[in-house]
Amino acid sequence: VTDRVRVELGPRSYEVVVGSGALDELERLFSGRRRVAIVSHAHLGAAKGDVVREPLVRAGVENQLFGMDEGEEAKSLATVERLCRDFARWGLLRSDAVVAFGGGVVGDTAGFAASVYHRGVDVVQVPTTLLAMVDSAIGGKTGVNLPEGKNLVGAFHQPRAVLIDPALLDSLPDRELRCGLGEVVKYALLGDHALTRLLEERSDALLARDPAVLREVVTRCVAAKAAVVAADEQERTGRRASLNLGHTAGHAIEQATGYALAHGEAVAVGLVFATHLASALERIPPGDVDRAERLVHGLGLPVTAPTGLRVEDLLALMARDKKSAGALTFVLPGPNGIERVDDPDRAAVDKAFAAIGVTS
Ligand SMILES: NC(=O)c1ccc[n+]([C@@H]2O[C@H](COP(=O)([O-])OP(=O)(O)OC[C@H]3O[C@@H](n4cnc5c(N)ncnc54)[C@H](O)[C@@H]3O)[C@@H](O)[C@H]2O)c1
């Protein structure tokens, strides 16, 4: 069974296919093509690469695996250069294509390599982490880090398709699953009430990685992301900024703890902070805060920051966040939906910090 979500971008529109047969789509997509370069980590390619290779072989497409190292360090221009040189030596042409098979690190790096190799070759994203399935593989943002900062070099390069088989998550470490769950809760709080109910009622099955529940959860998140991307492909109207819900405080908490908290855990605390702040500013009723906290807690994610963090330190980190241009900027729920709120009342900010266990 597969679900299909279309990302509407005129001539660059594409489908996100979610479900157990999703990768079979590679056969149809690439039939008649000559060569496809598969980019992945060595361990993923060895353990699971056949799910990509088999449909390509059935389509009569020559394919080869190109490995890249793990982690943010490997998301670099050096890796892009190495991949492009390996593609060139293998003879990958403008009319050939790349498949990115991995989490956000592979997707961002291979996607960027595809965007510049021969001035752009087709890429298909096959995400293998929950975060990549619900977020990074969709929307065409690709790029790498510089020593000066994360994601500083990149390009918008929409994939030809995104193919998601939630069964690939069976081997994902728990910590990486939590990274994705933080983003899943975000989509629920962005206003998907059906997703909220699903997370409330089926949290045990979700945490046990039940494929049917995973498919439904991933499809709902994909639909939410696809709608935002279609409305604001290149982050110009502010609509795509709504996806930063929970991230202002989340990023600051993640950095202040020296990354002891996984990104998704920090985002979860950031989401709780954002709902408290919205309530303190009388943008939402207090009952919404309780529900959000229960949702986060029910998925095994933290609702308070680790002890020892201080308000002033977090505010300083937030002010440095590249996404806030000068003012202290939050993305908060309210009567008109998710909106940007600049420099909110300090007493409300302190109240929200106190609610997640952070004091001056
Ligand atoms: N482009 C975007 O729009 C966007 C959005 C959000 C995040 N990102 C980026 O995504 C990156 C984070 O991605 P991530 O959280 O997927 O991390 P990741 O790609 O580093 O993957 C996490 C770990 O899981 C392993 N792994 C992947 N799939 C596995 C599987 N099925 N089984 C076992 N292990 C598996 C990887 O080898 C890695 O060690 C960051 O660099 C971030 O900047 C990009």
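Just so we're clear, the structure is a prediction, and the values are computed from it rather than from any experiment. Every number for a ligand or one of its atoms is a count from 1 in the order of the listing.
Partners of V153 according to the side chain to side chain contact (heavy atoms under 4.5 Å, CB included) rule, which considers only residues two or more places apart in sequence or in another chain, are L77, F112, V144, L146. Every residue was checked against the salt bridge (charged side-chain N to carboxylate O under 4.0 Å, His left out) condition with D69, not counting sequence neighbours, and none meets it. In this structure, the side-chain hydrogen bond (donor to acceptor under 3.5 Å, both in side chains) partners of E233, at least two apart in sequence or on a different chain, are R12, Q158.
Salt bridge present: D122 and R33 bring a charged side-chain N and a carboxylate O closer than 4.0 Å.
Aromatic ring pairs are classed by plane angle as parallel below 30°, tilted from 30° to 60° and perpendicular above 60°; the pair F66 and W90 is perpendicular.
Each of V185, V267, V269, T275 was evaluated against V296; a single residue qualifies, V185, per the side chain to side chain contact (heavy atoms under 4.5 Å, CB included) test.
Ligand 1 lies under 4.0 Å from heavy atoms of H41, H43, L44, E70, E72, K75, G103, G104, V105, D108, T128, T129, L131, D135, S136, K141, K150, N151, L168, S171, L172, P173, E176, K225.
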